[in-house]
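In this text the structure is predicted, and so the values were computed from the model without any measurement.
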Amino acid sequence: LWFDRAVAAQVDYLPAYKSLIWALRPRWGGSQREMFNFALECLETGRFDTIVPLQYLIACRSIAQEEKNKYGFFKRAQVSAGILDLSRGYMDSVNATFKGHNGAKLLFAAANVHAGNYEFAHSILSRMDYTFPQPRLNLYTRIFKRENYSFITLAARYGSEISDRVARAEAVAESDP
């Protein structure tokens with residue numbers, strides 16, 4: 001009820017989305033299924049002129065944090081397809097808040113690398129300058145909780161040819177506490 005009232009007043013009121021995603025976590029009586037359903041609802045609004053569809057990615061990251069294999073979550077077919085839809089929606093939207101914004105392009109490229117959509121990540125990055133300032137690297141790290149930048153760099157350089165390299169690197173990253 002409170003969430004509906006908040007978004008009725010302002011559709012992209014970020015504190016409402018953050019609070020609901022947090023409240024839907026299993027530790028508070030919610031479930032990963034409820035979190036993912038909410039993520040899908042946000043994506044399916046198609047409101048790429050707002051931050052609402054972006055909550056799909058935020059909710060997916062929160063679900064991944066609850067899982068033992070947090071990086072494997074992004075490679076699930078439905079999650080990967082949603083990330084691709086999210087990225088295309090923002091990149092193709094004429095009125096998108098993020099259109100043309102390099103930080104957003106990097107975010108979508110990073111999301112697609114994690115989802116295994118290497119060719120799409122490559123297509124985003126191939127249209128950008130490969131030298132990203134530190135704030136962009138911090139954005140990537142904050143969203144995906146990774147300390148290195150090699151996955152994005154590989155996607156930018158090699159596109160779909162990197163899937164085996166990334167799989168090996170992610171296996172090492174998962175085994176390293």
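Between the side chain of Ser19 and the main chain of Ala16, no donor-acceptor pair closer than 3.5 Å is present. Remark: the backbone N or O of Ile51 is paired with a side-chain donor or acceptor of Gln55 at under 3.5 angstrom.
Here Tyr13 sits alone; no ILVMFWY side chain lies under 4.5 Å from its own, so it joins no hydrophobic cluster. Under the 4.5 angstrom side-chain criterion for Ile, Leu, Val, Met, Phe, Trp and Tyr, the cluster partners of Trp22 are Trp28.
A distance of 11.5 Å separates CE in Met91 from CG in Leu84, rounded to the nearest 0.5 Å.
Side-chain contact between Leu24 and Ser31 is absent, with no heavy atoms from C-beta onward closer than 4.5 Å. Residues Met35 and Cys60 fail the side-chain proximity criterion, which asks for heavy atoms closer than 4.5 Å. Contact annotation: the side chain of Tyr90 approaches that of Leu54 to within less than 4.5 Å [non-hydrogen atoms, C-beta and beyond]. Under the 4.5 Å side-chain criterion, counting only non-hydrogen atoms from C-beta, Ile83 is in contact with Tyr56.
Annotation for Thr45 and Pro53: closest pair OG1-CG, 3.9 Å, computed over non-hydrogen atoms. Contact between Val52 and Val11 at its shortest, heavy atoms only, is CG2-O, 3.4 Å. Leu86 and Phe48 make their closest contact through O-CE2, 3.8 Å (heavy atoms, listed as atom of the first residue, atom of the second, distance).
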Please test Ile58 against Tyr17 for side chain to side chain contact (heavy atoms under 4.5 Å, CB included), starting from the C-alpha separation and ending with a verdict.
CA-CA 9 Å; Ile58 304 304; Tyr17 289 91; over 6 Å; no
Any chance you could lay out the side chain to side chain contact (heavy atoms under 4.5 Å, CB included) test for Phe73 and Arg61, step after step, and finish with the verdict?
CA-CA 9 Å; Phe73 174 77; Arg61 186 194 72 189; over 6 Å; no
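Aromatic ring pairs are classed by plane angle as parallel below 30°, tilted from 30° to 60° and perpendicular above 60°; the pair Phe38 and Phe3 is perpendicular.
Ala81 is linked by a side chain to side chain contact (heavy atoms under 4.5 Å, CB included) to nothing, counting only residues two or more places apart in sequence or in another chain.
For residues 77-87, every residue pair satisfying the side-chain hydrogen bond (donor to acceptor under 3.5 Å, both in side chains) rule, not counting sequence neighbours, is listed here: Ser80-Asn117, Ser87-Asn112. Contacts classified as salt bridge (charged side-chain N to carboxylate O under 4.0 Å, His left out) and involving residues 35-47 (residues at least two apart or in different chains) are given here: Arg47-Asp49. For residues 15-33, every residue pair satisfying the salt bridge (charged side-chain N to carboxylate O under 4.0 Å, His left out) rule, not counting sequence neighbours, is listed here: Arg25-Glu66, Arg27-Glu66.
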